[in-house]
Amino acid sequence: MSISSEKQMPEAVAAWRDPEMDSVKGTETPKDPNKGYIALLGWSINAIKAAQKFDRRYIVVAPEWAADFCTANNIPFIPWDFIRLNDRSMEIAERLKEEGVDVAIPLFEETVEWSGAINSVLLDSPRMFGQSILFRDKALMKRRAQLGGIRVGIFEEAHEKEDIVRFMKRVNQTLLKLDGDPDDPIHVKAFDKAGCLGHRMIRTIEEIDNIPDEEYPLLMESHLSGWEFAVEAWIHDGKIQFLNISEYVTLGYSVFVPATAELESWRNAITKQIELLIKTFDIQFGLIHPEYFVTADGEMYFGEVAYRPPGFKAFELIEKAYGFNAYQASMLVFDPKSSKEEVAAFFPKEVVDAKGYAGCFGVYPRRRVVSKLEMPEETINHPYFESHELVAPAEETVPDRSAFGTHWGLIFFFGDDPIKMRDLLKAQEDLDFYV
């Protein structure tokens with residue numbers, strides 16, 4: 001790839017130049033024309049850096065606002081608006097096919113459907129678009145899981161407040177609750193948003209009034225009292241190539257990899273569940289990120305599954321723990337030109353090949369009014385502390401958290417003891433980072 005001179009660019013474009021990127025330094029890994037040509041759907045600097053260090057050709061498909069950065073840093077780029085679905089939507093698939101692209105990889109939730117539509121054209125597999133809808137619509141996803149014999153909780157769709165009221169009363173009637181007994185909580189979630197976005201736990205009928213009208217329709221679920229965890233599984237030729245178990249300390253706050261020995265003791269049972277999931281959803285390749293619950297009696301319940309990189313920098317945690325680049329792993333298993341031998345040689349052995357335990361904590365301000373970022377001594381002086389992404393507050397009043405809310409930044413830790421890591425991550429919940 002030719003390196004554009006900074007002098008050839010307008011000043012506003014050149015300001016985006018990153019002298020440390022391989023594409024700028026001229027140290028990008030040579031691309032093998034016999035291997036796949038990959039389109040990255042969405043925007044991720046870490047995915048782009050991984051692609052530059054990998055031997056596959058790549059092109060970034062992202063919104064127009066990424067154009068200057070890509071021009072400044074010699075990144076192959078096609079602008080596309082993922083928000084608008086219209087009669088031009090097939091244009092991007094046809095354009096990528098003309099470009100010679102072999103496969104499209106979704107980098108975030110909103111591009112999963114697009115990848116299904118594009119890959120149905122690139123791979124001449126019309127069913128892939130329908131499959132991608134199952135990964136996006138949580139109600140359809142749960143119905144497909146049920147049809148495959150996967151254990152799920154009770155769920156329904158809500159189009160208005162009265163639907164949630166009826167569902168909550170039915171769930172508690174089913175649980176044989178008597179007058180005066182506290183209600184069992186239920187969960188409501190957005191149909192097609194990632195992670196905790198739009199996720200609320202409803203404990204009383206009165207709390208239903210707090211849900212804005214624009215959040216409907218919603219998925220409603222019964223509450224599962226159990227140990228929740230996540231899985232990242234790379235699949236090639238319909239078979240698991242690497243399976244990571246991510247242990248949640250507190251949902252929405254903290255996670256670490258690999259898991260403790262206690263959770264890892266479930267690996268065989270978890271693997272069987274993932275194999276059933278692969279069969280039920282007819283997954284031949286790619287990266288899946290399902291979430292499960294293990295209940296006190298040892299039953300495993302399916303929560304949901306995503307077909308894109310997980311949040312909370314899980315890919316970066318996996319790389320820190322194991323040494324392989326998880327974005328490159330996804331490019332490898334998505335690429336229809338990858339051989340079984342190349343895939344098998346890429347991945348280390350789960351757990352035993354980990355160099356340590358990598359965790360992160362999402363910070364939410366605990367005060368209503370803040371003026372500055374102040375890292376607690378207990379955090380930065382801990383031997384496991386590595387780095388953080390927190391920035392000074394832009395305003396003093398902390399907005400009310402909607403549903404589970406969005407964290408203000410992540411703190412990263414690395415160490416050799418999973419119990420110490422778990423306790424350390426839990427302890428962060430009692431500390432103030434914004435004062």
Side-chain angles (χ1 to χ4, degrees), residues 1-5 8 17-18 20-62 66-67 69-80 90-107 111 114-125 128 234-239 241-242 283-287 307-309 315 319 323-347:
M1 184 184 299
S2 61
I3 305 297
S4 301
S5 167
Q8 299 170 343
R17 200 168 184 86
D18 180 353
E20 295 304 311
M21 292 199 83
D22 288 329
S23 52
V24 174
K25 294 193 293 184
T27 56
E28 193 165 340
T29 299
K31 308 308 179 188
D32 187 339
N34 297 312
K35 295 180 179 179
Y37 184 5
I38 290 161
L40 301 176
L41 303 187
W43 186 252
S44 165
I45 291 292
N46 285 350
I48 293 169
K49 288 180 177 179
Q52 293 187 356
K53 294 182 183 299
F54 206 38
D55 59 1
R56 266 73 175 172
R57 290 167 294 161
Y58 78 98
I59 190 165
V60 174
V61 182
F69 185 92
C70 290
T71 299
N73 293 288
N74 304 301
I75 297 168
F77 172 73
I78 293 177
W80 192 258
M90 272 295 290
E91 182 181 313
I92 187 63
E94 292 162 353
R95 186 170 173 186
L96 290 172
K97 189 172 185 177
E98 290 171 6
E99 175 76 16
V101 169
D102 294 297
V103 70
I105 301 177
L107 294 180
T111 62
W114 285 95
S115 72
I118 291 168
N119 286 332
S120 68
V121 173
L122 298 181
L123 300 172
D124 192 24
S125 178
M128 292 198 71
W234 283 268
I235 299 156
H236 186 254
D237 198 23
K239 295 180 176 59
Q241 304 300 318
F242 186 89
I283 303 167
Q284 292 301 308
F285 61 86
L287 172 279
Y307 196 65
R308 42 82 186 158
F315 270 19
E319 181 172 8
F324 74 87
N325 187 289
Y327 291 105
Q328 292 177 355
S330 296
M331 296 173 205
L332 185 67
V333 296
F334 266 94
D335 180 4
K337 295 180 179 177
S338 295
S339 68
K340 291 182 181 179
E341 294 75 18
E342 184 184 15
V343 173
F346 183 89
F347 292 101

Is any side-chain N of the basic residue among [X] and [Y] closer than 4.0 Å to the acidic one's carboxylate O?
{"X": "Glu342", "Y": "Lys35", "answer": "yes"}
{"X": "Glu28", "Y": "Lys31", "answer": "yes"}
{"X": "Lys340", "Y": "Asp237", "answer": "yes"}

Spacing of [atom1] belonging to [X] relative to [atom2] belonging to [Y], to within rounding of 0.5 Å:
{"X": "Thr27", "Y": "Met21", "atom1": "OG1", "atom2": "CE", "result": "10.0 Å"}
{"X": "Asn325", "Y": "Glu319", "atom1": "CG", "atom2": "CD", "result": "4.5 Å"}
{"X": "Arg17", "Y": "Thr71", "atom1": "CZ", "atom2": "OG1", "result": "10.5 Å"}
{"X": "Arg95", "Y": "Glu91", "atom1": "CZ", "atom2": "CD", "result": "7.0 Å"}

So which heavy atom on [X] is nearest to which on [Y], and how close?
{"X": "Val333", "Y": "Ile235", "value": "CB-O, 3.3 Å"}
{"X": "Ile105", "Y": "Ser330", "value": "CD1-O, 4.1 Å"}
{"X": "Ile75", "Y": "Ser23", "value": "CG1-OG, 4.3 Å"}
{"X": "Leu96", "Y": "Ile59", "value": "CD2-CG2, 4.2 Å"}
{"X": "Val103", "Y": "Phe285", "value": "CG2-CE1, 4.4 Å"}

| request: Would you confirm whether the ring centroid of Tyr307 sits within less than 6.0 angstrom of the ring centroid of Phe334? | output: yes

Mind checking side-chain contact (heavy atoms from CB on, under 4.5 Å) for [X] and listing every partner two or more places apart, or none if nothing turns up?
{"X": "Ser115", "result": "Leu41, Pro106, Asn119"}
{"X": "Ala326", "result": "Trp234, Phe315, Phe324"}
{"X": "Leu107", "result": "Leu40, Ser44, Ala47"}

| remark: The residue among Gln52, Lys53, Lys49 that forms side chain to side chain donor-acceptor pair (under 3.5 Å) with Asp22 is Lys53

| task | Check step by step if side-chain contact (heavy atoms from CB on, under 4.5 Å) holds for Val24 and Asp18. | result | CA-CA 7 Å; Val24 174; Asp18 180 353; 5.5 Å; no

| field | Any donor-acceptor pair under 3.5 Å from Asp55 side chain to Asp32 backbone | value | no

| For residues Ser338 and Arg56, is any side-chain donor paired with an opposing acceptor at under 3.5 Å? | yes

| request: Show your reasoning for whether ring pair (Phe, Tyr, Trp, His ring centres under 6.0 Å) applies to Phe69 and Trp43. | output: CA-CA 11 Å; Phe69 185 92; Trp43 186 252; 5.6 Å; yes

| task | Evaluate whether atom NZ of Lys337 has more than 12 neighbouring non-hydrogen atoms of other residues, nucleotides or ligands under 6.0 angstrom away. | result | yes

| message | With side-chain contact (heavy atoms from CB on, under 4.5 Å) as the criterion, how do Leu122 and Tyr37 come out once you've worked through the C-alpha distance, each side chain's angles and the decisive distance to 0.1 Å? | response | CA-CA 11 Å; Leu122 298 181; Tyr37 184 5; over 6 Å; no

| request: Show your reasoning for whether side-chain contact (heavy atoms from CB on, under 4.5 Å) applies to Lys97 and Val121. | output: CA-CA 8 Å; Lys97 189 172 185 177; Val121 173; 4.0 Å; yes

